[in-house]
Colleague: 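Submitted below is the structure of interest, expressed as structure tokens.
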Amino acid sequence: MPTMFSYPYMPMYSHNQAAYMRQMHDWHNQMAHYHEQKKVTSF
């Protein structure tokens with residue numbers, strides 16, 4: 001049964017440092033959003 005909010009997976013390490021940093025930045029934003037959603041929906 002799928003959950004309402006999917007847990008964002010951490011990006012795999014890449015030797016392309018710029019791409020990796022960008023992915024990690026996006027991941028941190030997704031995680032922050034995920035936790036905000038969890039806070040909002042758990043009463």
Colleague: Can you tell me if M24 has over 12 outside heavy atoms packed within less than 6.0 Å of its CE?
Modeller: yes
Colleague: Could you pull out all residues at least two apart from E36 that satisfy side-chain hydrogen bond (donor to acceptor under 3.5 Å, both in side chains)?
Modeller: K39
Colleague: Rounded to the nearest 0.5 Å, how far does OH of Y20 lie from CH2 of W27?
Modeller: 8.5 Å
Colleague: When rounded to the nearest 0.5 angstrom, what distance separates NE2 in H25 from CD in Q30?
Modeller: 10.5 Å
Colleague: Rounded to the nearest 0.5 Å, how far does CG of N16 lie from CZ of R22?
Modeller: 7.5 Å
